[in-house]
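Beneath this line is the structure, given in structure tokens, with notes to follow.
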Amino acid sequence: EEKKQLAFIVNAASDFWKLAEAGVKKAQGELPNYDLQFKYPAQGTAALQNALMDDLVAAGTDAIMISSVDPKTSVDAFNRIAAQVPLFTTDSDAPDSNRIAYLGSSNTAAGVQAGEIAVKVLPNGGKCMGFVGFLGADNAKERIAGFKQAVEGKGIELVDVRGDDVDFARARSNVDDVLAANPEINCMVGFYSYNPPKIYEALQAAGKLGQITVVAFDEDPITLGAVKDGSFAGTVVQQPFEWGYQGMKLMAAYLEGDKSQIPDNKLIIVPTKVIDKGNVEEFEANLKATLGK
Amino acid sequence: MIKKDIGLFILILVVGTVVAIINPLFLSPINLGNTANLVGLFGLFAIGQAFVIITGGIELSVGSIIALLGVLFVDLMVNHGVSWPVALLLMLVLGMLMGLMHGLFITRLHLQPFIVTLCGLLIYRGVARFYTADATAGFAFGDSFPTLEWLTTGRFFGVPHSFIAMSVVAALMWVVLHRSVFGRHLYAVGKNEEAARYSGIDTKRVIVAAYVICGLLTAISAIFFAMYTRSISPSSHGNFYELYAIAAAVLGGFSLRGGEGSIVGVVLGAILLQVLQNLVNLLGIPSSLNFAVMGSVILIGVLADTQFAEFRKRRITGRGAG
Amino acid sequence: MIKKDIGLFILILVVGTVVAIINPLFLSPINLGNTANLVGLFGLFAIGQAFVIITGGIELSVGSIIALLGVLFVDLMVNHGVSWPVALLLMLVLGMLMGLMHGLFITRLHLQPFIVTLCGLLIYRGVARFYTADATAGFAFGDSFPTLEWLTTGRFFGVPHSFIAMSVVAALMWVVLHRSVFGRHLYAVGKNEEAARYSGIDTKRVIVAAYVICGLLTAISAIFFAMYTRSISPSSHGNFYELYAIAAAVLGGFSLRGGEGSIVGVVLGAILLQVLQNLVNLLGIPSSLNFAVMGSVILIGVLADTQFAEFRKRRITGRGAG
Amino acid sequence: MADAFLQLTQISKSYPGVQALEDVSLAVAPGEVIGLVGENGAGKSTLMKILGGVVAPSAGTIHVDGVEKAALTVPEAIAAGIAFVHQELNLFENLDAAANVFIGREPLRAGPLKLVDSRALYAGVKPYFERLNVDFKPTTPVADLSIGQRQLLEIVKALSLNARLIIMDEPTSSLTLSETERLLAIVADLKAKGVSIIFITHRLNELTACADRVVVLRDGRVVGHLPKEKITHGEMIRLMIGRDLKSLYQPPAAPPGETVLEVRDLRTPTHPAHTVSLAVRKGEILGLAGLIGAGRTELARSIFGIDKILGGTILLAGKEVTLATPQAAIGAGIFLVPEDRKKSGLLLDVSIAENIALPDLKAYASNGLVAADRIRASAETQKTNLDIRAPNTETIAGSLSGGNQQKVVLAKWLAMKPKLLICDEPTRGVDVGAKTDLYQMLRALADAGVAILMISSDMEEVIGVSDRIAVMHEGRISGFLERAEFSETNVLHLAVGQGISGHGSNGVGTNHA
Ligand SMILES: Nc1ncnc2c1ncn2[C@@H]1O[C@H](COP(=O)(O)OP(=O)(O)OP(=O)(O)O)[C@@H](O)[C@H]1O
Ligand SMILES: Nc1ncnc2c1ncn2[C@@H]1O[C@H](COP(=O)(O)OP(=O)(O)OP(=O)(O)O)[C@@H](O)[C@H]1O
Ligand SMILES: [Mg+2]
Ligand SMILES: [Mg+2]
């Protein structure tokens, strides 16, 4: 009856993680001797995440994979946990900690891919406005940096990025305000998964769909729909399903003594993909299948 | 009362003028429309909050109610094929029931409003998150409810319907609060519940009614919000909105001790808060400074208002004594 | 007063027992240690809040102060090479200055506490976010302040220092509130400020002192938090903590109208809130239900408490009649 | 007599729309008892508040021991040895009795820590409690005290200051005869020790007993000084209101009618072991007397539906009724004028007109909307009828003098049509002139068929106004008195639980119905 317990802790509640959860579910099917848990913290703060990890370890969890809100500075907390159970990072890494390995994508690379979409559809250059949840979060900073790096010297400028603290109403009114106040903007980038849908809705309300180039991240249904009908230039998707699925299998293997899957640099990169009009239908079909809808 | 409102009105004018001078786009119809829309959305539940605050109570669960009702509303229509008028009606009834429950807990079981509605804040959000298993509830691409969308997000000669709805509600509630017997009873209960009871006022019923009204207006606003954001992440939708509502009321001259405040005040309070939000984006202020700017303007405004009022009072008594 | 505390204490025991039966790990030293640590962190500023609430005020900026002071503290040490005792002292002084400012705004300029501290909430968070440009302030890997770390995150026979600090503060503040003249004046001012003034009490000084104490305790707690999380994301660090503090106080028998409550009560309130947090994690309850469970337990507990108290009151009068 | 240590010179005080004081001068010498009388709103409390440092005068000077000041602050007044029994009670309900006595000047221990020395505190209040013979303990929370008990506590507070001047602003308004006599003895005692007293009261015979001189105020001005030998009831009244007063008792126009309200074996929470039975008839004024804490207020609250009753029945016009809420009571035509005007009677920061309209708002509304002009008109009528002294009916109730506030509370109910009117201390703080008017109104109401139950601690009032008196003692009726048996001694005997000659002490009284 003594099943081993594995936990996957995410940084905040969002649809994005539903895909990872689906991956974890699939892994559960293949790991009957394990009890897999998928944990959302009550709020997305490092303090709560660390308390959650402490509690899980106290409750007898055997291995943890975490998407940290703030990996850089949670190193000590990670090391404290890693001293008790094997710890893995996903989504965002803490390379200086004693975590066993990182499994996930590279946000910088994703940002570069997004920048490349913009370069492709804006050959004459342009002025872009970005929208994001937390400006200071690592994933946001890396994506922004990647985007800037890719458009450097191509006549495209990322004028500013507006934060909304993951308040959807603010996310929407931020776009509305830019449409009202910055007529020179001809390109918009939605860095968090819910930003592109808000851009879509604001443009639709203003009757400007198609007039402004939109580059998106992630696979919100509205985003995919907009890519399909040509309103968006494209979107960059990660593969969270694989993180959940592979992550759990990896931890189970590790607990059973199989360390062969851990590469020397301790980085297991699941590549990001560009979805545009060409491959969106196929991607959407796959997605539906995984989510079982 | 009216003097306080004028002070707030002047503050809004001053802030608006300064912003318009720096960036004339502030006065563009499109920007005014957007701001009016948000004023409508926030004003609706702020008016509800005002009723509760007048009784000396507080309603902390506003944000969570907006999240829960939003999730249910969208889910009923999208996943259960419920027609929108039915879903809408259901949400309004639910909102009123929540208010009723809060009111009964407070008056019959003698719990503190802060505790009851704090539990509401926690429970409703928890239920909303559990209901969707922390997923976002939203319309699929292409889902369309033309009448509902026109009603909630449409515009009439450029004036957003949400703003019109808020104005109608405000006018109605103005009559209720400032002209009706019930309104007088509300003030009486807020000022001195015991004296009100001795005067034969059914204080419990009055208090319960205030929470029911708050629940109803919050539910209306929840529908507007759901249609505005079109997708609801139950963990973050409406977070902190109770603070907005309370802040709008307090700015508008309400006292948390109850018995004070006017509808005009709370509407002006809601307008000021939205103008401040708008200003940050329009002036290109780093969004990290958003909060700081809001806080400073509120502080300076309130300060100017009270200092001016005291100055005037001193001048009057000074003259009287001379 | 004491009866209220006992009710809360029993509630904590009941909840604890139930959790321990379902998952005996609840009583493991490691889990108790973790929970005690959080009780210490939250208890510190909840006690501060309690002082303000007794005067009939409210301090909404607690969470933002914790964020701002945390950011500054870490930044001073990491990026400006300030030695930790100096940085620590500076933070304590800053915390007291903020409290002093709030107190003066409220007593000298006659602003409502809700407004003043709401502006504090907005401004301090804004400043913190602007200061780091929304980036996280934290120690780099390898940064080490052994004495400071031992002081703040160390344990003494398994008891976290934060808990010890909180206990010492609670004991001190118990004497201040329940045994000293100042404490008595606090109660007097909270119940009836005008009468207190007529009694020759310097009510303004008393109120200001309450805010200063709150600022100081919040600053102490900010240091502990900074060392516990070791990194501070200024946009989310300490969010909602003011609600926690107020909830702990209100659970502990404080009334937002002022003049009521005890130190034992607020500490028990803080313990209950942390036990509830711990319970959700320990029982493997879906974290989406986290809030709902907390809300329900609080509601049921408070309900049981008041109903039991009323039942006893009825029985006593009933018996007297027999 | 020794020289004055305190001198007020040409003091004026104006509030917006009101000249509360004008050119008032007053000197206080050690060991004298000064009576201060005047109609409601004459400025007595205002003058005393200036002395106590609570309000600052608009003009004039104050000399304390020869030092000139424009105004005193509260700490300065305390330092100058001025103690104050406030007219409106200013106690802290969250503290116990002893803590209230020493608030602001607690005995200290532990040096710089400034801890409260509880032992010294409780020991410190004990002699005063004994001296006033109060019936509650130093550790009793003030929240549990009745109005009368609170007033005693305020007096203890002032005595304990060991001041050289004690200002007593209507200290006896809620006290019964025996406590009043004890207080007057203490006043004499203090005077002998060289303490000066300023004694404000509307019960003028108290001054005949204790004052060395009387100062009369009218409309903010001093209109007369009476040296000791000239202090008579009639003289004071003439100076106060400029005319003579008719005798108190006016007989009813017709003999009492059928029973309106009957209470049978009623038990209340504070005195659960005792029962109350009484009946009030149409057209009569039944006085209800008793000592402090006898349970009269509680009886009234129980009938009015505020307090739950533990047992017994209430019959209205012979039919049993349950009055669980004030609304039910009001619906049945039973009105209560509460004892504590600040707490239960008034919305202090609302206008006079709004206060008067509050219980009967529906009558001023059509379709649920209130007609402000109708409210104002009705308030004007009441203001004239009751002679409420205020600039207009929009004046905020809290800014009125104590007596005028009381009149507003009365006006709330007089504007409606009761079957039974319960007045709990209806004239607390009301001046003699207005009292007479009020008694006339009560009589007129009774003659119009209203039954009136008048709870009063004012012996003169009980004897002078009632058609019949019921006396309570520790939660039960200790006896009824018919007019022929009315006397202070008889009321007092029943009030302390003794019988009176020719009357059973436990007699519930014959059923007059
Ligand atoms: N704070 C205030 N604001 C405005 N007017 C006031 C205020 N306090 C007192 N007054 C007015 O000053 C006048 C004198 O009031 P004061 O209380 O001194 O009367 P009083 O002689 O003590 O009467 P009473 O016998 O009824 O207690 C009254 O007309 C009253 O309405
Ligand atoms: N709010 C209260 N809570 C608890 N006890 C009370 C309260 N009010 C009054 N009492 C107590 O009830 C008893 C009866 O008081 P009540 O006020 O009915 O007497 P009363 O005859 O009207 O006397 P008084 O002249 O003092 O008003 C007193 O012993 C008093 O201490
Ligand atoms: Mg007076
Ligand atoms: Mg009484």
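Sequence lines set the chain letters: A, B, ... in the order given, protein chains first and strands last, and positions in each chain run from 1.
- Only the backbone of B:Phe139 comes within contact range of chain A, with heavy atoms under 4.5 Å apart.
- For chain A, the nearby parts of B:Tyr228 are the backbone and the side chain; heavy atoms of each come within less than 4.5 Å.
- Residue contact with chain A, scored on non-hydrogen atoms closer than 4.5 Å, involves the backbone of B:Thr132 exclusively.
- Contacts of A:Asp220 with chain B are absent, with no heavy-atom separation under 4.5 Å from either backbone or side chain.
- In this structure, chain A has a heavy atom under 4.5 Å from the backbone of B:Ile232, while its side chain stays farther away.
- For B:Asn278, the parts sitting under 4.5 Å from any heavy atom of chain A are the backbone and the side chain alike.
- With a threshold of 4.5 angstrom between heavy atoms, A:Tyr194 does not approach chain B through any atom at all.
- For A:Pro197, no part sits under 4.5 Å from any heavy atom of chain B, backbone or side chain.
- Between A:Ser173 and B:Gln274, every side-chain heavy-atom pair lies at or beyond the 4.5 Å cut-off.
- Among the residues in residues 61-77 of chain B, none has a non-hydrogen atom closer than 4.5 angstrom to a non-hydrogen atom of chain A.
- Here the CZ-OG distance, from A:Arg172 to B:Ser231, works out to 11.0 Å after rounding to the nearest 0.5 Å.
- For the atom pair CG of B:Asn37 and CG of A:Asp176, the computed distance is 7.5 Å after rounding to the nearest 0.5 Å.
- For a residue to count as touching a neighbouring chain, one of its non-hydrogen atoms must lie under 4.5 Å from one of that chain's; by this rule B:Phe42 does not touch chain A.
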Would you please test A:Lys198 and B:Thr229 for side chain to side chain contact (heavy atoms under 4.5 Å, CB included) and show each step? CA-CA 7 Å; A:Lys198 298 306 133 203; B:Thr229 64; 4.2 Å; yes
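- Residues A:Asp177 and B:Asn31 form a side-chain contact, since some pair of their non-hydrogen atoms from C-beta on lies under 4.5 Å apart.
- Scanning all heavy atoms of the two residues, the minimum distance from B:Leu282 to A:Ala181 falls at CD1-CB, 3.5 Å.
- Looking at heavy atoms from C-beta onward, A:Phe168 lies out of side-chain contact with B:Arg230 at the 4.5 angstrom threshold.
- No hydrogens or angles considered: nothing links the side chains of A:Lys18 and B:Thr136 as a donor-acceptor pair under 3.5 Å.
- Atom CZ of B:Phe291 sits in a sparse spot, with 12 or fewer heavy atoms from other residues, nucleotides or ligands closer than 6.0 Å.
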